[in-house]
Q: 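Structure below; questions to follow.
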2 protein chains.
Amino acid sequence: MHTTGKDRQQPVAPLRLGAVSEANPHPILESLACITCPARKSDICGGLDDEEIRDLAANSQRIHLNVGETLVWDGDGAQYSYVITRGALRASKTSDDGRRQILDFLFSGQFVGIPSDAAYHFDVEALIDSEVCRFDKRKLEQLMTKYPNVEKGYRTGAARQLEDAYEHAYALGRRTAMERVAAFLLDLRASSCTKTATGVLKLPMTRSDIADFLGLTLETVSRAFSRLKSLGVIRLGSAQEVEIRDPERLKALAGSASI
Amino acid sequence: MHTTGKDRQQPVAPLRLGAVSEANPHPILESLACITCPARKSDICGGLDDEEIRDLAANSQRIHLNVGETLVWDGDGAQYSYVITRGALRASKTSDDGRRQILDFLFSGQFVGIPSDAAYHFDVEALIDSEVCRFDKRKLEQLMTKYPNVEKGYRTGAARQLEDAYEHAYALGRRTAMERVAAFLLDLRASSCTKTATGVLKLPMTRSDIADFLGLTLETVSRAFSRLKSLGVIRLGSAQEVEIRDPERLKALAGSASI
DNA sequence: CGCCATGTTGAAAATATTCAAAGACCGTGG
DNA sequence: CCACGGTCTTTGAATATTTTCAACATGGCG
């Protein structure tokens, strides 16, 4: 049985919701920020024109998260929803005996906050310094009524997350360790994860995070990386810098897609 | 690597969408059926009063599925959504090399059809003779606009499915075989799965189905059942009839919850 | 420069899978 | 009504994959 070491180590000064470092309403002058926001085309904001987006801006707050800070705690009242505008976060479930399953890595443009009841049932923490846009759930519902496109975006976002979760279930249940790691790297490449100009991936997560996402141990993940390296499929600048040298080969190693 | 035997065996005469055995619009006289429907309190129908439900009935068709019949094919255009009104179905993804992951077992009251794009990315098949209520997606959207409670129910349903998928991911990634089987039986007991008057579970799925749901092989599942039996935690009438004799013990064997 | 986190690698151990065979159950047809 | 055939299930033994335990390497940061 695998118990992570990493997850027991709390962020230096974990801030509970409502006590987040900064939570400033978008000043009217700053509503321009929405126009140039990396999440401008996200599910929630994408359906609105620049005029309407000011309305959204007035009903949201921008929040900065330092590395390790927690945005959402398991059990927290689901008062807010969030759109990631910069950085990288992880959503995870941890059992009381310390086993952790990372449900998703979240990058800019992604949406957090589709609770079925009054509370969240997972944690969300910042892997690196990040920024999110916060919406009061009540106000978001009003916005959804006012702007059908927001409602539709919410629905699309929920559906996509569900499909991602299904794909993840396929990987966890039916793929080998090697296939999981290969598929993970391909997914990362297709995501909003940071890349250098030459396309080198800058992983914001540790081997332990990857292991807890893929249902493996960090050693198994490390061995898979080493194997990929020795096969010449990837190149490792540092442990966090991964260059995919042979995408086709990587696809083959990821095994047949789930159709 | 595990490849199921079961899944290669197509239903005798698989019917493609639109060619389903019966698809009759709810006759006006039959709209009463909605009132007494087992899915009357489901997410979609639950928010409406008996007057409004007639409107829903007029916009839906009742469909009968025989054992093994397929309701949704991976790749199918997502033209319809469904509410299960009777029976048991399985939603699954199968890769082209034959590996199958069952995503969910669906019982009466549950909702199928939250596509992020134009197509479904999983199959849905009947485990036993079943009945579903079919909604044209377009009409469902109109109904959602007309009745905010339907829209809210849809959203709640989507959120619940997402949370189920997350819980499933935790099980697949971090639980042992024994824990998965124990937790599965507890989940079934809490579900709408058929039970006798004395509370004995009537499993509509095979060991192979359970294995493909839990990311195991059928042999491993069978061994876990045998173990539970020898521990006196369950009693097996037949392979499909499971009596949970010691729920507390079963909970302990399911391991600590994911919080 | 050195410490502490993170990452890599090796060997032993555990868990689950694979392969194999036999038993139970169900529906069908004689 | 019972025998038959096929499918599903159970159980055993060998094998494979992944985990666990342990030691060492690396590297970022004070």
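Side-chain atoms are counted along with the backbone in the values below, which use heavy atoms only and exclude waters and symmetry mates. Naming convention: chains lettered A, B, ... in sequence-line order (proteins, then strands); numbering from 1 in each chain.
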Q: Please report, rounded to the nearest Å, how far the P atom of D:dT19 is from the CZ atom of B:R175.
A: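 Roughly 17 Å, once rounded to whole Å.
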
Q: According to the Watson-Crick and G-U wobble definitions, with both distances under 3.5 Å, which nucleotide is paired to C:dG10?
A: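 Here C:dG10 is engaged in a pair, and the nucleotide opposite it is D:dC21.
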
Q: Counting Watson-Crick and G-U wobble pairs only, both distances under 3.5 Å, name the nucleotide matched with C:dA5, or none.
A: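 Result: none.
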
Q: What form does the base of C:dA14 take, syn (within 90° of 0) or anti?
A: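 Chi for C:dA14 falls in the anti range.
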
Q: Nearest to the B:A177 side chain among D:dT18, D:dT10, C:dA16, which nucleotide is it?
A: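 Among D:dT18, D:dT10, C:dA16, the one nearest the side chain of B:A177 is C:dA16.
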
Q: Return the 5'-most residue of the pair A:V221, A:S238 with respect to DNA chain D, ranking by each residue's nearest nucleotide.
A: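 Going by which nucleotide is closer to the 5' end, it is A:V221.
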
Q: Give a yes/no answer on whether the side chain of A:T217 brings an N or O atom under 4.0 Å of OP1 or OP2 in D:dT18.
A: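 So the side-chain polar atoms of A:T217 never come under 4.0 Å of the phosphate oxygens OP1 or OP2 of D:dT18.
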
Q: Below 3.5 Å, does any donor atom in the side chain of A:R223 face an acceptor in the base of C:dG7, or the other way round?
A: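 Result: no qualifying N/O pair found.
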
Q: Nearest of C:dA16, D:dT18, D:dT10 to any side-chain atom of B:T176?
A: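 Looking only at side-chain atoms, B:T176 lies closest to C:dA16.
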
Q: Looking only at side-chain N and O atoms, does A:Q240 come under 4.0 Å of OP1 or OP2 in C:dT6?
A: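 It does not, given that no N or O in the side chain of A:Q240 lies less than 4.0 Å from OP1 or OP2 of C:dT6.
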
Q: Can you classify the ring geometry of B:F105 versus B:F213 as parallel (below 30°), tilted (30 to 60°) or perpendicular (above 60°)?
A: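 Tilted: the ring planes of B:F105 and B:F213 meet at 30° to 60°.
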
Q: Within the supplied structure, the quantity of interest is the number of heavy atoms (other residues, nucleotides, ligands) at a distance under 6.0 Å from B:K195 NZ; does it exceed 12?
A: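 Yes, enclosed.
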
Q: Whether the side chain of A:K93 engages the backbone of A:D123 through a donor-acceptor N/O pair (distance < 3.5 Å, no angle test) should be reported.
A: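 Checked: no pair found.
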
Q: Kindly point out which of D:dT18, C:dG7, C:dA16 is positioned nearest to the side chain of A:L216?
A: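 The listed nucleotide nearest to A:L216's side chain is D:dT18.
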
Q: Provide, to the nearest angstrom, the distance between the CG atom belonging to A:L218 and the C1' atom belonging to D:dA22.
A: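 Checked: the CG to C1' distance equals 13 Å.
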
Q: Round to a whole Å and report the spacing from CG of B:L228 to P of D:dT10.
A: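 Whole-Å distance recorded here is 11 Å.
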
Q: With a distance cut-off below 6.0 Å to the six-membered ring centre and an angular limit of 45° from the axis, does A:R134 pair with A:Y80 as a cation-pi contact?
A: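 Flagged: A:R134 positioned over aromatic ring of A:Y80.
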
Q: Take atom CD of B:E219 and atom C1' of D:dC8, then tell me their distance rounded to the nearest Å.
A: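 My rounded result for the distance is 12 Å.
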
Q: Counting any heavy atom closer than 4.0 Å, what does A:G215 reach on the DNA or RNA strands: base, sugar-phosphate only, or nothing?
A: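 Contact class for A:G215: sugar-phosphate only.
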
Q: Could you give the NZ-to-P distance, from B:K229 to C:dA24, as a whole number of Å?
A: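 Checked: the NZ to P distance equals 10 Å.
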
Q: B:L214 near the nucleic acid: base, sugar-phosphate alone, or nothing, with a heavy-atom cut-off under 4.0 Å?
A: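 No contact at all - B:L214 keeps every heavy atom at 4.0 Å or more from the nucleic acid.
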
Q: To the nearest Å, how far apart are A:M205 CE and C:dT6 C1'?
A: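 Spelled out: CE on A:M205 to C1' on C:dT6 is 15 Å.
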
Q: List the residues meeting side-chain contact (heavy atoms from CB on, under 4.5 Å) with B:D187, not counting sequence neighbours, and say none if there are none.
A: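 If we apply the side-chain contact (heavy atoms from CB on, under 4.5 Å) test to B:D187, skipping adjacent residues, there are no hits.
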
Q: Rounded to whole Å, how long is the line connecting atom CG of A:L203 with atom P of D:dG28?
A: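 The distance from CG of A:L203 to P of D:dG28 comes to 14 Å, rounded to the nearest Å.
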
Q: Given B:V181, which of B:L250, B:I234, B:L186, B:L228 fulfils the side-chain contact (heavy atoms from CB on, under 4.5 Å) condition?
A: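 It is B:L228; the other options fail the test.
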
Q: With a non-hydrogen cut-off below 4.0 angstrom, is A:S226 in contact with a base, only sugar-phosphate, or nothing?
A: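 Sugar-phosphate contact only.
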
Q: A:R207 side chain: which of D:dT11, D:dT19, C:dT8 is closest?
A: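 Selected nucleotide: C:dT8.
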
Q: Nearest whole angstrom, please: distance from the P of D:dT17 to the CZ of A:R180.
A: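 So the two atoms are 13 Å apart, to the nearest Å.
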
